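Note: hydrogens, waters and symmetry copies are ignored here, and every other heavy atom, side chains too, is used. Everything numeric here is computed off the predicted structure, so don't read it as measured data.
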Amino acid sequence: MISVFALPALALGEEQTEDSATAQARARDDTKNSGAPKAKSLGKDVAGVFVNASVADSGYSPGFVMRGFPGGLTLFDGAAHGFAAQDVNLSTIDHVEFYKGPSAMLFGKALGGYGGSANYIRKAPTTESFARGTATIGAYDVYRTAFDVNAPLNDADTLLFRMTGFAQSVGSFVDHVRSRGFLVAPAGTLVLDNGDKATFRAEYHAARFVYNDGLPAAPIFLHAPRSFYAGEPANEHETPNSADFTFTYEHAFDAAWSLTSVVDYSLNGSKYGWFLGWGYDGLHSVTLGRPARTHQASRNFDAQLRLNGRFATGDVGHSVFLGLEHWDYFYGHDETFSRDPLPNIDIGAPIYPLGVDYSGAQWSNGAARAWSRSVYAQDLIDLSPQWRILLGGRYDLLAQRETTFDPFGALSGTSSSTLGKGTRGYFSPRAGLLFRPDDETHLFAAFGRSLIPNISVRVRGGDAPPPQQDTQYEIGFERRFPEFKARFEAALFDVTRDHVAIADPAAPGGFYSLVTGRQHSHGVELHLSAEILPGLQASSAATFLHAVVAKDSNVPSQAGSDLLGAPRRVFSISLDYKPEWDVLRGLELGASYYYASAAEATLPNVYGFTLAPQQMLGASLGYRFDEHWKLDVSASNLTDRPNFISSGALYRGEPRSISATLSFKY
């Protein structure tokens, strides 16, 4: 369920729109496929990717930091469902592709950004008939079931159907934190007489949980009891729900040219609680201040038309990729604010209110909308068997509108009604050069630029803020050793992110921002995999990077501070063994080790306040009884390290845990 190395689309062979690294990821997935990616291991064996999340056996994808920056927009089959990352239920996912470097903003993949984006490829109907299911029991009251049913609906295999689903209840080592939810996702494909394919997919997801706030970023909380909850459970019940509908039509004109159209429509809504004064009192308590409740909803529409083709001009071959995209996103919110603050919560003897009084509450509301109309094109030029050139670009006409009505000044600190608007065009070029001295060796250099809208960022003057713009340079090397079933990859990268939103020093409440910041990351990625003994597969990845704030007009200055979630060194190694002796046939053994160096806990960095290195040792045991039944047992964090991470708040990683999953397929 793994990944994409940074190799850009220069290495395209038979496929015009998918780079060779993606194909390699598919091949690696096939050797590990157990029905869906695993949350505890996803991304940990990918160079340049740091799992910046308190990973639990939750059935949902963790969050990622790629090349020093938070992962870009969440992509589903290449389409984004909004302007931010979102929870992904892994039961519906076939595999995950990690786009890094210039591959991080493949044209036709919607707006994205470097260092990278995770693209979740969802399960699609096939001509095979099967029924799969899993039942999982794990530490901290994990109970989960998932199913996956696929069947042709006629003898000609021209009408295909697939249904995936999920239900779970999960507790936590943190007091009061718990969740339950379900998902159902039917999909159908119609294959026409001329070979055209039309696929319709729907998904509905609902959940209810108490959110884990984490801990305020102060050294004292590194020593708080691991079960301590730094919030008010009565105010922090969340009820997210979402629906998504996707229609895809694929048409092949001939063996060289094909056209794909994709229309995706998604709706999301939630109610959740938070606090205006959450933090640390400098003594022994968490401050909450005035509680608030928010009701928010969003709608996202994405339509793409993609044309792939091949042709030749003399001895020079061309693989072209052309496309159009329309993207429209709307977000609305309204808040209710209690008039009275809540008492502080003592770390050693926490007392939580039984409820929150919202009588005579204050309120605010607002809405934001952004849309883009885009055209993109790229040409992969085969100059010779050894040399390839990639030239491409994308033009986005981006428009943004935002209103905020805050008559009591609860959000902004003063009564305000604001309007932000603006329309502007942006060009994002992409280029690269590939040299292949032989079939097993690739060397490449690449350049790319992308943009990410600064949605819900308010600046004085009423104009919409410019989007973040990322510029990246990269060189890399790949060498395969077929005789040893081995592959070695290395890449050097340099990423600059401009127009980062920072707090306006003239607006202490944080309501207004300045879009003047700059962040910079550079580093090296290494990956090595090999079959070191018959049946024993080893994979290792290493990342060395330095990601810092390069420019900041705020006070105190953040310039020179390491970015949060960007440890300078990350290493991982995994071993998977399938004995080839008949007496042990069906047995699978695995072991893994993950290390991330010390990381900063706050931004700006505070001298002496860093998080200890992360270390996680894991093991797994699987046994396939027959072609239908399999049992998997996995243990994580065997040394029971706390493994703190920081994203502005501190989160303690999951303690030592074990889970067992029984799978069947018919």
Inset, instruction - Output yes when a side-chain donor or acceptor of Thr92 lies under 3.5 Å from a complementary backbone atom of Asn89, and no otherwise. - result: yes
Inset, instruction - Could you go through the side chain to side chain contact (heavy atoms under 4.5 Å, CB included) check for Tyr60 and Val88 one step at a time? - result: CA-CA 5 Å; Tyr60 290 86; Val88 180; 6.0 Å; no
Inset, instruction - Work out which heavy atom in Trp278 is nearest to a heavy atom in Ala649; give both atom names and the distance. - result: CH2-CB, 3.9 Å
Inset, instruction - May I have the step-by-step check of side-chain hydrogen bond (donor to acceptor under 3.5 Å, both in side chains) for Asn235 and Trp274, ending in yes or no? - result: CA-CA 7 Å; Asn235 191 53; Trp274 51 289; over 6 Å; no
Inset, instruction - Determine yes or no for a side-chain-to-main-chain donor-acceptor pair under 3.5 angstrom, with Thr471 supplying the side chain and Arg449 the backbone. - result: no
Legend entry - Ring geometry between Phe544 and Phe571 (parallel below 30°, tilted from 30 to 60°, perpendicular above 60°): perpendicular
Inset, instruction - Please test Val210 against Ser179 for side chain to side chain contact (heavy atoms under 4.5 Å, CB included), starting from the C-alpha separation and ending with a verdict. - result: CA-CA 7 Å; Val210 175; Ser179 69; over 6 Å; no
Inset, instruction - Indicate yes or no: at least one non-hydrogen side-chain atom of Val286 is less than 4.5 angstrom from one of Asp281. - result: no
Inset, instruction - Kindly indicate, with the supporting measurements, whether the criterion side chain to side chain contact (heavy atoms under 4.5 Å, CB included) is fulfilled by Arg144 and Val142. - result: CA-CA 6 Å; Arg144 179 169 59 253; Val142 172; 3.9 Å; yes
Legend entry - Test item: Ser172 side-chain N/O and Val174 main-chain N/O as donor-acceptor pair under 3.5 Å: yes
Legend entry - Reported CG-to-CG distance for the pair Asp494 and Leu545, which is rounded to 0.5 angstrom: 11.5 Å
Inset, instruction - Report yes or no: does Trp327 contribute a side-chain atom to a donor-acceptor pair with the main-chain N or O of Leu398 at less than 3.5 Å? - result: no
Inset, instruction - First locate atom CG of Asp213, then atom OH of Tyr651, and finally report the distance between them rounded to the nearest 0.5 Å. - result: 6.5 Å
Inset, instruction - Could you check if a side-chain atom of Val96 sits within less than 4.5 angstrom of a side-chain atom of Pro37, using non-hydrogen atoms only? - result: yes
Inset, instruction - Report the C-alpha distance between Ser61 and Tyr120 in whole Å, list the side-chain angles of each, state the deciding distance to 0.1 Å, and finish with yes or no for side-chain hydrogen bond (donor to acceptor under 3.5 Å, both in side chains). - result: CA-CA 10 Å; Ser61 175; Tyr120 297 86; 2.6 Å; yes
Legend entry - Side-chain (Asp640) to main-chain (Asn637) donor-acceptor, under 3.5 angstrom: no
Legend entry - Between CZ on residue Phe275 and CD on residue Glu232, distance to nearest 0.5 Å: 5.5 Å
Inset, instruction - Applying side chain to side chain contact (heavy atoms under 4.5 Å, CB included), run through Asp264 and Phe76 and close with a yes or a no. - result: CA-CA 10 Å; Asp264 185 274; Phe76 296 89; 5.9 Å; no
Inset, instruction - Would you give the length of the straight line joining atom NZ of Lys38 to atom OG of Ser620, rounded to the nearest 0.5 angstrom? - result: 10.5 Å
Inset, instruction - Check whether more than 12 heavy atoms from other residues, nucleotides or ligands sit under 6.0 Å from atom CZ of Arg641, and answer yes or no. - result: yes
Inset, instruction - Can you label the angle between the Phe447 ring and the Tyr473 ring as parallel, tilted or perpendicular, going by 30° and 60°? - result: tilted
Inset, instruction - Look at the side chain of Ser646 and the backbone N and O of Ala601, then say whether any donor-acceptor pair between them is shorter than 3.5 Å. - result: yes
Legend entry - Distance (rounded to the nearest 0.5 Å) between Asp552 CG and Gln519 CD: 9.0 Å
Legend entry - Arg568 with Glu600: basic N within carboxylate O range, under 4.0 Å: no
Legend entry - Side-chain touch Leu222/Phe609, heavy atoms, less than 4.5 angstrom: yes
Legend entry - Residue that, paired with Ser540, satisfies side chain to side chain contact (heavy atoms under 4.5 Å, CB included) out of Leu526, Ile573, Asp45: Ile573
Inset, instruction - Indicate yes or no: at least one non-hydrogen side-chain atom of Arg487 is less than 4.5 angstrom from one of His527. - result: yes
Legend entry - Heavy-atom side-chain proximity of Phe221 to Ile347 below 4.5 angstrom: yes
Legend entry - Closest heavy-atom pair and its distance - Gly68, Ala547: CA-CB, 3.9 Å
Legend entry - Arg652 side chain to Phe644 backbone, donor-acceptor under 3.5 Å: no
Inset, instruction - Anything under 30° is parallel, anything over 60° is perpendicular, the rest tilted; go ahead and classify Tyr594 against Phe50. - result: parallel
Legend entry - Check: Arg497 and His520 side chains under 4.5 Å, non-hydrogen atoms: no
Inset, instruction - Report the distance from atom CE of Met616 to atom OG of Ser636, rounding to the nearest 0.5 Å. - result: 8.5 Å
Legend entry - Side-chain donor-acceptor pair present, Glu203, His205, cut-off under 3.5 Å: no
Legend entry - salt_bridge(Arg226, Asp175) N-O dist < 4.0 Å: no
Legend entry - Considering all heavy atoms, the nearest Thr543-Gly48 contact: OG1-N, 2.5 Å
Inset, instruction - Please tell me if the side chains of Arg394 and Ser450 come closer than 4.5 Å, counting only heavy atoms from C-beta onward. - result: no
Legend entry - Centroid-centroid under 6.0 Å between Tyr272 and Tyr211 rings: no
Inset, instruction - Without swapping roles, check the side chain of Ser572 against the backbone of Lys44 for a donor-acceptor pair under 3.5 Å. - result: yes
Legend entry - Short side-chain to backbone donor-acceptor contact, Ser597 and Pro567, under 3.5 Å: no
Legend entry - Gly138 backbone acceptor or donor facing Ser659 side chain under 3.5 Å: no
Legend entry - Option passing side chain to side chain contact (heavy atoms under 4.5 Å, CB included) with Arg208 (candidates Glu238, His237, Arg178): His237
Legend entry - Donor-acceptor pair between Thr287 and Tyr280 side chains, under 3.5 angstrom: no
Inset, instruction - Of all the heavy-atom pairs spanning Ala542 and Ala47, show the shortest one and how long it is. - result: O-CB, 3.8 Å
Inset, instruction - Please report the C-alpha distance between Gln400 and Tyr329 in whole Å, then the side-chain angles of each, then the deciding distance to 0.1 Å, and finally whether the side-chain hydrogen bond (donor to acceptor under 3.5 Å, both in side chains) criterion is met. - result: CA-CA 10 Å; Gln400 296 176 245; Tyr329 173 78; over 6 Å; no
Legend entry - Aromatic ring proximity, centroids under 6.0 angstrom, Tyr331 and His333: yes
Legend entry - Non-hydrogen atoms of Leu650 and Ala217 that approach each other most closely: CG-CA, 3.8 Å
Inset, instruction - Walk me through it: do Arg122 and Asp244 pass the test salt bridge (charged side-chain N to carboxylate O under 4.0 Å, His left out)? - result: CA-CA 12 Å; Arg122 297 178 292 194; Asp244 179 71; 3.1 Å; yes
Inset, instruction - Would you please indicate yes or no on a ring centroid separation below 6.0 angstrom for Phe477 and Phe444? - result: no
Legend entry - Closest approach of Glu654 to Phe173 (non-hydrogen atoms, all atoms of both residues): CA-CE2, 3.7 Å
Inset, instruction - For residues Thr496 and Asp470, determine if any side-chain heavy atom of one lies less than 4.5 Å from a side-chain heavy atom of the other. - result: no
